[in-house]
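Take a look at the structure set out below.
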Amino acid sequence: MANVTVIGTQWGDEGKGKIVDWLASRADIVVRFQGGHNAGHTLVVNDQVYKLSLLPSGLVGGKIGVIGNGVVVDPKALMSEIDRVTEQGLTVTPETLWIAETAPLILPLHGALDRAREVARGNHKIGTTGRGIGPAYEDKVARRAIRICDLSEPETLDWKIDELLLHHNTLLAGLGAETFTKQQILDFLKEITPRLLPYACCAWDRLAEADRAGKRILFEGAQAVMLDVDHGTYPFVTSSNTVAAIAASGSGMSPKSVGFVLGIAKAYTTRVGEGPFPSELFDEVGKGMAERGREFGTVTGRPRRCGWFDAAMVRRAVRVGGVSGVALTKLDILDGMKEVSICVGYELDGQKIDSFPSAPGAQARVKPILETMPGWNETTGGARSWAELPAQAIKYVRRIEELIGTPVTLLSTSPEREDTILVTDPFEG
């Protein structure tokens with residue numbers, strides 16, 4: 001049996017939550033390996049809606065959830081999420097949720113700096129959520145982060161807080177923002193320690209044991225490849241790597257454990273926040289997609305920009321993400337459209353190019369090359385077999401496969417878990 005790693009192939013919001021939930025019902029352990037509470041998954045199970053940001057989706061199905069060392073953890077956000085899903089009937093205890101003791105913490109000063117810098121950027125905003133994700137990752141690589149394991153050592157916290165304040169207060173003061181005192185940080189940590197520390201463990205050892213025992217492990221990515229700090233539309237990206245290779249380093253497991261890589265792609269394209277978007281639609285067609293697809297961010301509630309499926313972009317994500325097969329979601333949102341289009345490449349300064357450029361100026365100038373094909377009047381919503389799909393919808397899916405260079409192994413036709421067409425079982429891959 002293979003493990004499975006799920007990643008987004010666009011700019012996030014591809015419907016990973018439903019797919020991960022569907023796969024988690026057949027897994028034993030679900031692992032978050034990067035990102036923070038700036039990503040969100042919406043799951044619909046038995047008419048109950050769960051909105052998750054940090055908690056692995058498998059907890060909804062009673063599976064063990066793991067927050068790996070590659071995640072930055074906001075303790076208050078995590079505890080609030082635990083309280084919310086507990087009220088909905090889920091069980092979250094140190095036995096069902098393992099958190100890597102080396103995961104860095106997001107502190108109040110991280111969010112303050114994130115927001116102050118975004119204001120200072122003026123017209124050059126990146127479009128961050130202002131939740132402190134970037135500054136927390138900066139502290140991690142600068143070797144000054146406070147990690148969960150530090151909460152058990154007051155002497156370690158003492159000098160680490162001094163180092164943090166030396167850096168952050170200097171920046172905050174320079175930006176004209178309010179600074180923090182050592183006591184404020186100590187009080188915050190004292191408040192969250194009793195609830196957070198019991199979940200801390202050597203998650204990598206437990207995962208290695210589970211892998212040796214033949215347990216099925218599902219790695220759940222946040223954000224998407226085009227938001228990867230190396231491979232995405234830099235600087236309009238997240239602050240971590242989002243490709244499947246990071247499932248290993250972000251959980252402490254062997255690269256061999258990544259298994260089948262399932263890339264999630266929406267049947268059209270959406271993006272939240274700033275940054276280039278070649279196939280974006282500014283007309284009634286795009287507005288209709290947003291309305292039918294209920295395109296608002298799970299975490300922030302921000303409206304998503306909508307456009308045609310960008311096959312050139314997804315093809316790049318397939319290559320750098322190591323995608324074995326794609327799960328295509330929200331095909332039903334295109335039902336009833338007279339025509340549908342696919343971005344097959346770009347025009348840059350009068351020249352045709354097949355790959356999305358890396359330089360920001362070039363990214364802003366590219367124009368989409370669209371291929372248009374007939375739409376379909378019949379509904380795809382709720383279909384559970386290829387035979388239930390309109391012929392033209394099947395042609396659309398097949399054309400996407402040709403353009404991105406990998407097969408569609410799953411097709412999601414509604415938010416409901418069971419409304420899924422399975423072509424290839426990733427766990428058998």
Side-chain angles (χ1 to χ4, degrees), residues 4 6 8-10 13-23 25-26 42-45 47 260-270 279 281 285-286 288-295 306-315 317-318 323-344 370-429:
V4 176
V6 175
T9 62
Q10 295 159 314
D13 307 308
E14 299 96 347
K16 289 190 297 295
K18 181 258 178 83
I19 301 298
V20 169
D21 174 58
W22 188 86
L23 290 168
S25 66
R26 304 168 62 253
T42 299
L43 284 67
V44 182
V45 182
D47 297 324
F260 187 100
V261 180
L262 183 66
I264 315 299
K266 198 175 287 185
Y268 48 103
T269 308
T270 61
S279 66
L281 291 166
V285 175
M289 285 180 183
E291 291 174 350
R292 292 191 301 276
R294 299 177 183 177
E295 296 295 353
C306 295
W308 295 119
F309 185 88
D310 191 333
M313 182 179 73
V314 174
R315 183 169 61 245
V318 165
V323 173
S324 311
V326 164
L328 195 65
T329 67
K330 303 188 85 166
L331 182 64
D332 55 304
I333 304 305
L334 303 181
D335 291 352
M337 299 183 70
K338 184 178 180 180
E339 293 180 333
V340 290
S341 295
I342 300 174
C343 176
V344 298
L370 299 177
E371 180 180 297
T372 300
M373 54 197 304
W376 54 91
N377 291 321
E378 307 93 330
T379 182
T380 63
R384 298 184 182 182
S385 71
W386 286 103
E388 297 177 56
L389 293 176
Q392 200 57 46
I394 295 176
K395 290 180 181 178
Y396 179 74
V397 174
R398 295 304 185 207
R399 183 57 179 148
I400 284 176
E401 289 180 319
E402 292 174 1
L403 291 166
I404 65 176
T406 199
V408 171
T409 58
L410 282 169
L411 190 64
S412 171
T413 57
S414 93
E416 296 297 331
R417 178 191 288 178
E418 300 307 319
D419 291 341
T420 304
I421 299 173
L422 176 64
V423 181
T424 302
D425 186 343
F427 278 115
E428 301 293 340

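Small disclaimer: the values here were computed from a predicted structure and weren't measured.
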Legend entry - Min side-chain heavy-atom separation Leu422-Leu410 under 4.5 Å: yes
Inset, instruction - Identify the two heavy atoms, one from Ile421 and one from Ala383, that lie closest to each other, and give their separation to 0.1 Å. - result: CG1-O, 3.7 Å
Inset, instruction - Have a look at Ser412 and tell me which of Lys18, Lys266, Lys330 forms a side-chain hydrogen bond (donor to acceptor under 3.5 Å, both in side chains) with it. - result: Lys18
Legend entry - Glu371 side chain reached by Trp308 side chain, heavy atoms, under 4.5 Å: no
Legend entry - Heavy-atom check, side chain of Phe260 versus side chain of Glu428, under 4.5 Å: no
Legend entry - Shortest non-hydrogen contact between Cys306 and Glu295, atoms and distance: SG-CG, 3.9 Å
Legend entry - Nearest non-hydrogen partners of Pro390 and Thr380, listed with the distance: CD-CG2, 3.5 Å
Inset, instruction - Mind listing the closest non-hydrogen atom pair of Ser414 and Gly382 along with its distance? - result: CB-N, 4.2 Å
Inset, instruction - With sequence neighbours left out, write down each residue that passes side-chain contact (heavy atoms from CB on, under 4.5 Å) with Ala317, or none if nothing qualifies. - result: Thr9, Val225
Inset, instruction - Please list, chain by chain and in numerical order, all residues satisfying ring pair (Phe, Tyr, Trp, His ring centres under 6.0 Å) with Trp22, sequence neighbours excluded. - result: none
Inset, instruction - Supply the atom-to-atom distance Met373 CE to Ile342 CD1, rounded to the nearest 0.5 angstrom. - result: 5.5 Å
Inset, instruction - Might you point out which heavy atoms bring Pro374 and Val340 nearest each other, and give the distance in Å? - result: O-CG2, 4.0 Å
Legend entry - Donor-acceptor contact below 3.5 Å, side chain Arg315 vs main chain Leu403: yes
Legend entry - Test item: Val285 and Met337 side chains (from C-beta on) under 4.5 Å apart, heavy atoms: yes
Legend entry - Considering all heavy atoms, the nearest Ser279-Asp310 contact: OG-CB, 4.1 Å
Legend entry - Test item: Thr329 side-chain N/O and Glu14 main-chain N/O as donor-acceptor pair under 3.5 Å: yes
Legend entry - Close side-chain approach of Pro426 and Leu23, heavy atoms under 4.5 Å: yes
Legend entry - Pairs where residues 399-423 contributes a residue and the test ring pair (Phe, Tyr, Trp, His ring centres under 6.0 Å) is met, not counting sequence neighbours: none
Legend entry - Close side-chain approach of Leu389 to Trp376, heavy-atom, < 4.5 Å: no
Inset, instruction - Using ring pair (Phe, Tyr, Trp, His ring centres under 6.0 Å) as the criterion, list what pairs up with Tyr268, not counting sequence neighbours. - result: none
Inset, instruction - Indicate whether the side chain of Asp332 and that of Thr413 have a donor and an acceptor atom separated by less than 3.5 Å. - result: no
Side-chain atoms of residues 391-398: list all donor-acceptor pairs with protein atoms under 3.5 Å, sequence neighbours left out, distances to 0.1 Å.
unit_1: Tyr396; atom_1: OH; unit_2: Ala267; atom_2: O; d: 2.6
unit_1: Arg398; atom_1: NH1; unit_2: Glu401; atom_2: OE1; d: 3.0
unit_1: Arg398; atom_1: NH1; unit_2: Glu401; atom_2: OE2; d: 3.4

Inset, instruction - Please check if the side chain of Thr372 supplies one atom and the backbone of Ser341 the other of a donor-acceptor pair under 3.5 Å. - result: no
Legend entry - Listed partners of Arg384 passing side-chain contact (heavy atoms from CB on, under 4.5 Å), at least two apart: Glu388, Glu418, Asp419
